[in-house]
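These notes are about the structure you will find just below.
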Number of protein chains: 2
Amino acid sequence: MSVKHSTQHKILDAAQTLFAETGFTDTSLRQITSMAEVNLASVNYHFGSKKELIQAVLQRYLVVLMPRLDQEFTRLLALQQPNSLSQVLSVFVKPLLELNKVHQNGARIFLQLLGRGYTDVQGHLRWFFNHNYGRVLDKLVLLVQQACPDLPPSELFWRLHFSLGTVVFTMASNEALAEIAEADFNEKVDIEGVILRLLPYLSAAIAAPVTTVTQLSHTAPALAIKGI
Amino acid sequence: MSVKHSTQHKILDAAQTLFAETGFTDTSLRQITSMAEVNLASVNYHFGSKKELIQAVLQRYLVVLMPRLDQEFTRLLALQQPNSLSQVLSVFVKPLLELNKVHQNGARIFLQLLGRGYTDVQGHLRWFFNHNYGRVLDKLVLLVQQACPDLPPSELFWRLHFSLGTVVFTMASNEALAEIAEADFNEKVDIEGVILRLLPYLSAAIAAPVTTVTQLSHTAPALAIKGI
DNA sequence: TTTAAATTCAAACGTACATTTCAAACATGC
DNA sequence: GCATGTTTGAAATGTACGTTTGAATTTAAA
């Protein structure tokens with residue numbers, strides 16, 4: 001049935017599954033090597049350290065995804081005339097789903113790992129990510145800015161991070177959510193289904209009218225209270 | 001300057017800070033007791049275990065917040081006529097900010113802890129939370145349902161979880177975000193500022209028009225591809 | 001002041017972890 | 001087929017963790 005895999009490959013496969021399920025810190029090398037049916041020492045032999053294994057697991061997807069995204073962003077930027085927000089966000093879909101070619105359920109696993117990466121570890125992953133792929137995401141910011149010219153840059157900054165949170169958290173708790181959805185609403189939701197539900201949600205959110213505090217305090221008199 | 005605090009109090013204060021910063025698993029009891037300047041054994045003496053300490057840290061805020069939320073939800077539900085979505089979401093603001101009375105920066109710390117709770121630990125916190133406060137949140141679902149009568153229940157389920165992700169992730173990485181915002185846009189953003197920015201974002205997101213797959217595939221031809 | 005309970009303390013316990021070691025097994029080019 | 005470099009294996013190392021222990025100390029009631 002299954003082809004013969006190298007030790008590295010077996011380690012990466014087991015590691016990504018356990019990392020996505022339990023997080024980086026809560027997954028031990030012993031769990032990984034035991035699931036991969038390889039020797040404990042082989043992780044350090046092939047990857048150097050646990051830290052480098054984590055990065056290798058992510059790299060397998062990033063080296064596929066990021067050039068694809070970069071290409072899409074560049075294409076949209078070249079169109080000169082501004083794209084709609086939903087057009088911009090839609091370019092994520094295909095590259096993300098193509099991660100399923102890298103590995104079965106690759107898209108889901110990658111997004112889960114991304115979520116873990118942003119909440120689990122404090123330093124090295126964020127650095128690793130920004131250092132290697134920061135420029136690609138700058139293009140995304142530019143595209144969204146063109147799509148929402150009325151949005152102040154600082155507001156856009158916050159809303160893009162809100163959106164990152166939406167995606168990342170949803171994927172981190174994806175398993176639990178999908179189970180509840182299936183039990184409560186009898187609907188099976190795969191990663192594509194979740195992404196499709198995210199698009200209109202995020203489009204509306206990012207493009208939401210900017211509400212000033214004065215406007216808000218009409219519907220939210222709570223803000224008038226002092227001293228807290 | 002500072003009043004004399006009991007050992008329990010000192011442990012809770014140190015624990016909440018470290019938990020919020022580093023997460024539950026990545027914070028050791030030795031770090032906590034060393035910051036609190038108490039003996040290592042006192043955690044187990046006063047709280048029983050690390051698990052129970054985590055719950056105690058959260059309880060300090062939950063026992064204040066949840067009855068307040070419950071009261072607000074009940075009040076809105078009693079109005080009979082449906083409330084607008086932004087009215088519903090606005091009731092979170094005051095109770096959340098009142099957590100600053102529980103402890104300095106209590107609102108921020110609590111939301112950060114909530115974020116950690118949803119991503120760090122797998123089992124016991126989610127159970128603890130749903131078991132104790134599930135009924136309060138059922139009222140919220142009802143209110144949102146009334147505010148958005150056109151939203152199918154399953155869509156509402158997903159969007160509320162998307163929104164939870166937005167809040168929870170934003171708070172978990174709040175420190176980093178606030179730093180960047182201050183450096184890039186020269187604007188100091190406190191927890192109240194973040195909450196105020198979240199409200200219009202979430203209102204628009206939850207109430208976004210429901211897009212069907214057919215509609216979407218016009219702007220996102222990516223979905224037409226097969227085999228992935 | 002006496003006494004009993006509550007609290008603190010230093011030390012140790014057992015466990016799990018990432019990493020290292022080094023000999024054995026394996027593969028590969030000559 | 002031998003020698004060389006690569007990979008695996010079982011075992012050990014050292015560290016950090018949560019928790020337990022039992023004696024010392026403080027607290028507070030009698």
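Naming convention: chains lettered A, B, ... in sequence-line order (proteins, then strands); numbering from 1 in each chain. Any value given below was found using the heavy atoms of this structure, including those in side chains, with hydrogens, waters and symmetry copies removed.
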Open item on the list: Mind checking if A:Thr27 touches a base, just sugar-phosphate, or nothing, with heavy atoms under 4.0 Å?
Closed with: sugar-phosphate
- [ ] Report yes if a side-chain nitrogen or oxygen of B:Asn44 is closer than 4.0 Å to either non-bridging phosphate oxygen (OP1 or OP2) of D:dT20; otherwise report no.
- [x] no
Open item on the list: What is the separation between atom OH on B:Tyr45 and atom P on C:dC9, rounded to the nearest whole Å?
Closed with: 13 Å
Open item on the list: Expressed as a whole number of angstroms, how long is the span from B:Leu29:CG to D:dT19:C1'?
Closed with: 9 Å
- [ ] Starting at atom CD1 of B:Ile54, determine the distance to atom C1' of D:dG18, rounded to an integer number of angstrom.
- [x] 12 Å
Task: Exercise: identify the closest heavy-atom pair between A:Lys50 and A:Ser28 - done: NZ-CA, 4.5 Å
Open item on the list: Minimum heavy-atom separation for A:Thr27 and A:Leu18, please, with both atom names.
Closed with: OG1-O, 3.2 Å
TODO: Report the distance from atom CZ of A:Phe47 to atom C1' of C:dA18, rounded to the nearest whole Å.
DONE: 16 Å
Open item on the list: Does B:Arg30 contact D:dA16 through a side-chain donor or acceptor facing the base, at a distance under 3.5 Å?
Closed with: no
- [ ] Using a cut-off of strictly less than 4.0 Å, decide whether B:His46 has a side-chain nitrogen or oxygen near OP1 or OP2 of C:dT8.
- [x] yes
TODO: Check the pair B:Tyr201, A:Ser163 against side chain to side chain donor-acceptor pair (under 3.5 Å), reporting the backbone distance first and the verdict last.
DONE: CA-CA 10 Å; B:Tyr201 178 96; A:Ser163 303; 2.7 Å; yes
TODO: Starting at atom CD of A:Gln8, determine the distance to atom C1' of D:dT8, rounded to an integer number of angstrom.
DONE: 12 Å
Open item on the list: Applying a 4.0 Å non-hydrogen cut-off, can you work out what A:Ser42 is touching in the nucleic acid: base, sugar-phosphate, or nothing?
Closed with: nothing
TODO: For the side chain of B:Thr7, starting at C-beta, report the closest nucleotide among C:dT8, D:dT7, D:dA10.
DONE: C:dT8
Open item on the list: With a 4.0 Å limit, can you tell me whether A:Ser28 has a side-chain N or O closer than that to the phosphate oxygens OP1/OP2 of C:dC17?
Closed with: yes
TODO: Measure from the side chain of B:Ala41, starting at C-beta and using heavy atoms only, and say which of C:dT19, D:dT7, C:dC9 lies closest.
DONE: C:dC9
Task: Separation of D:dG18 P from B:Leu40 CG (nearest whole Å) - done: 8 Å
Task: Of the listed nucleotides D:dA10, D:dT19, C:dA10, the one nearest the side chain of B:Asn39 - done: C:dA10
Open item on the list: Regarding A:Arg60 and A:Asp13, does a basic nitrogen lie under 4.0 Å from an acidic carboxylate oxygen?
Closed with: yes
Open item on the list: How many whole angstroms separate atom CD1 of A:Ile32 from atom C1' of C:dT19?
Closed with: 14 Å
Open item on the list: Expressed as a whole number of angstroms, how long is the span from A:Ile11:CD1 to D:dT7:P?
Closed with: 12 Å
TODO: Could you label the plane-to-plane angle of the B:Tyr61 and B:Phe110 rings as parallel, tilted or perpendicular, counting under 30° as parallel and over 60° as perpendicular?
DONE: tilted
